[in-house]
Amino acid sequence: MSIAACLLTPSPLSSPSSLTITPKFPTTFPLHLHLRLSSSATCLRHSRSSPFLTFCAGGDGGDINSNNNSGGGGGNDENGKHRGGDDENAGDKNRKEAMIVLAEAGRSTESLPKDLAAAIQAGRIPGSVIERFLGLEKSGLMRWLMQFGGFKERLLADDLFLAKVAMECGVGIFTKTAAEYERRRENFFKELEIVFADVVMAIIADFMLVYLPAPTVSLRPPLAVSAGAISKFFYSCPDNAFQVALPGTSYSLMQRLGAVMRNGAKLFAVGTTSSLVGTAITNALINARKAVDKTSAAEVENVPILSTSVAYGVYMAVSSNLRYQVLAGVIEQRILEPLLHQHKLMLSAICFAVRTGNTFLGSLLWVDYARLVGIQKAHEEDTAA
């Protein structure tokens with residue numbers, strides 16, 4: 001219709017009622033029609049169509065509904081193409097937002113760390129992350145910590161990350177000691193060596209329990225092409241299985257399950273190592289007591305190092321891993337943070353209460369688990385034997 005309208009010109013009108021349309025065609029045939037489209041993105045809009053239906057020639061191939069969020073893996077080819085277009089649109093939007101924030105702050109990408117600047121150029125982080133970075137950079141302690149990649153990725157995802165580390169380590173000693181007393185009661189001082197081993201293991205592991213499952217903003221460069229399939233898979237997994245994906249990023253169900261497996265393997269190593277240290281210290285104290293007090297030699301036995309260490313590693317990989325994944329990714333990031341985003345003091349107080357309860361629960365579960373697998377026995381059982 002548009003081509004026909006271009007070839008028809010109205011003749012001079014004597015009155016509005018008389019209309020003569022004279023077609024102007026070339027007298028020779030064949031008729032050659034040339035339609036030229038510019039290489040740039042040219043939008044062709046139907047004059048009577050809905051303003052929401054806009055088709056762009058030469059665009060990025062995205063879906064018409066550009067506000068659709070990209071989902072996880074899977075889907076047919078058409079949906080995959082739409083997701084690719086959505087990712088490209090989200091990347092462009094992230095890049096523009098970040099550059100606007102930098103321009104308002106009077107900063108350039110050259111003044112940022114290299115990994116952060118590369119992530120901006122790749123369109124992997126939105127402007128909100130840059131705002132958080134500029135805010136954290138004002139603190140000398142935060143600026144120093146952000147020199148380390150792992151801390152930077154976690155602080156950019158959660159500005160209360162350092163406070164949560166302090167909460168966990170600060171209350172860990174008291175809550176775990178209280179839990180030990182709750183389970184042992186009158187036998188608490190008789191089993192003091194075992195209690196000490198549990199507390200030492202807890203102090204060493206508490207930091208890693210906050211650090212490893214914490215949500216992150218990934219600033220890592222892509223893996224080399226020669227990397228194996230397994231390495232690429234676990235590299236693409238999030239640090240927290242339940243964390244919220246940034247715009248333009250999506251995680252499949254398998255990638256989220258991979259995050260649980262990967263953190264479980266790391267926490268197994270952490271738990272086993274910390275238990276080795278704790279039980280070794282405990283046995284050294286027991287032997288020192290035996291050397292000083294000969295009467296206690298028959299009452300106090302050394303803690304089995306290997307079995308205790310492996311059992312604690314399994315406990316960390318399963319119970320602690322799942323509890324802290326849910327705590328950081330679901331309770332804190334998805335529930336508490338959106339509700340109390342503007343009330344940091346109240347948010348910190350509630351996080352403190354939740355983490356204290358989680359630590360106490362973990363101590364109770366560990367005592368029951370240790371007795372269940374036989375690495376720790378109640379004092380009454382030892383006396384009866």
Side-chain angles (χ1 to χ4, degrees), residues 67 69 90 93-94 97-98 100-102 104-105 107 112 116 119-120 124-146 148 150-176 178 206-219 238-249 251 256 259 320 322-362:
N67 291 330
N69 293 327
K93 182 180 179 181
N94 290 342
E97 287 181 358
I100 290 174
V101 172
L102 288 176
E104 292 177 350
R107 300 282 296 271
L112 302 177
L116 187 61
I120 293 175
R124 292 190 283 120
I125 54 176
S128 59
V129 174
I130 305 303
E131 290 179 352
R132 179 168 292 171
F133 173 81
L134 296 177
L136 292 171
E137 202 179 30
K138 296 177 182 178
S139 168
L141 175 61
M142 296 298 183
R143 186 167 58 250
W144 177 76
L145 285 175
M146 286 193 295
F148 308 98
F151 275 98
K152 185 193 305 177
E153 291 183 337
R154 285 159 176 80
L155 287 170
L156 291 179
D158 182 7
D159 51 357
L160 293 179
F161 169 73
L162 195 61
K164 292 174 183 177
V165 172
M167 293 175 195
E168 197 75 31
C169 295
V171 304
I173 298 176
F174 301 102
T175 55
K176 290 181 184 299
D206 273 343
F207 171 78
M208 299 306 295
L209 282 173
V210 183
Y211 184 87
L212 290 178
T216 61
V217 173
S218 179
L219 302 177
D239 286 277
N240 184 285
F242 306 100
Q243 75 175 61
V244 178
L246 293 175
T249 304
Y251 300 112
R256 293 187 181 275
S320 300
L322 294 177
R323 284 188 292 107
Y324 279 86
Q325 292 264 357
V326 173
L327 173 62
V330 178
I331 297 177
E332 291 180 341
Q333 190 180 46
R334 292 183 178 270
I335 298 177
L336 296 180
E337 173 67 22
L339 291 176
L340 303 172
H341 179 70
Q342 302 297 331
H343 307 280
K344 294 295 185 182
L345 184 60
M346 185 179 298
L347 177 61
S348 300
I350 296 179
C351 288
F352 177 83
V354 173
R355 286 185 172 271
T356 300
N358 178 65
T359 303
F360 185 75
L361 174 63

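Here the side chain of Q243 pairs no donor or acceptor atom with the backbone of P215 at under 3.5 angstrom. Judged purely by atom type and a 3.5 angstrom limit, E97 has no side-chain atom pairing as donor or acceptor with the backbone of S128. Checking side-chain atoms of N240 against main-chain N and O of Q325 turns up a donor-acceptor pair under 3.5 Å. The backbone N or O of V244 sits less than 3.5 Å from a side-chain atom of Q333, completing a donor-acceptor pair. With R334 contributing its side chain and F242 its backbone, the two residues share a donor-acceptor pair below 3.5 Å.
L327 and V354 get closest at one heavy-atom pair: CD1-CG1, 3.2 Å. In plain terms, the two heavy atoms of A214 and D239 that are nearest each other are O-CB, 3.7 Å. Across all non-hydrogen atoms, the minimal contact from G362 to R323 is CA-NH2, 3.5 Å.
A salt bridge (Lys or Arg N to Asp or Glu O under 4.0 Å) with E137 holds for exactly one of R107, K152, R143, R132; it is R107.
With rounding to the nearest 0.5 angstrom, the CD atom of E332 is 4.0 Å from the SG atom of C351. The structure places CD1 of I130 at 7.5 Å from CG of L156, a figure rounded to the nearest 0.5 Å. A distance of 6.5 Å separates CG in L145 from CG in L155, rounded to the nearest 0.5 Å. Rounding to the nearest 0.5 angstrom, the gap separating the CG atom in L336 from the CE atom in M346 is 11.5 Å. Within the model, atoms CE of M167 and OG1 of T356 stand 8.5 Å from one another, a figure rounded to the nearest 0.5 Å. Atom CD1 of I350 sits about 10.5 Å away from atom NE2 of H343, to the nearest 0.5 Å.
Within a 6.0 Å sphere centred on CG of L141, heavy atoms belonging to other residues, nucleotides or ligands number more than 12. More than 12 heavy atoms of other residues, nucleotides or ligands sit less than 6.0 Å from atom CZ of F148.
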(request) May I have the step-by-step check of side chain to side chain contact (heavy atoms under 4.5 Å, CB included) for V171 and R355, ending in yes or no? (result) CA-CA 9 Å; V171 304; R355 286 185 172 271; 6.0 Å; no

(request) Evaluate the criterion side chain to side chain contact (heavy atoms under 4.5 Å, CB included) for residue pair N94 and L246; output intermediate values, then yes/no. (result) CA-CA 10 Å; N94 290 342; L246 293 175; 5.9 Å; no

Please output the side-chain donor-acceptor pairs of residues 206-213 that fall under 3.5 Å, not counting sequence neighbours, one pair per line with the distance.
none

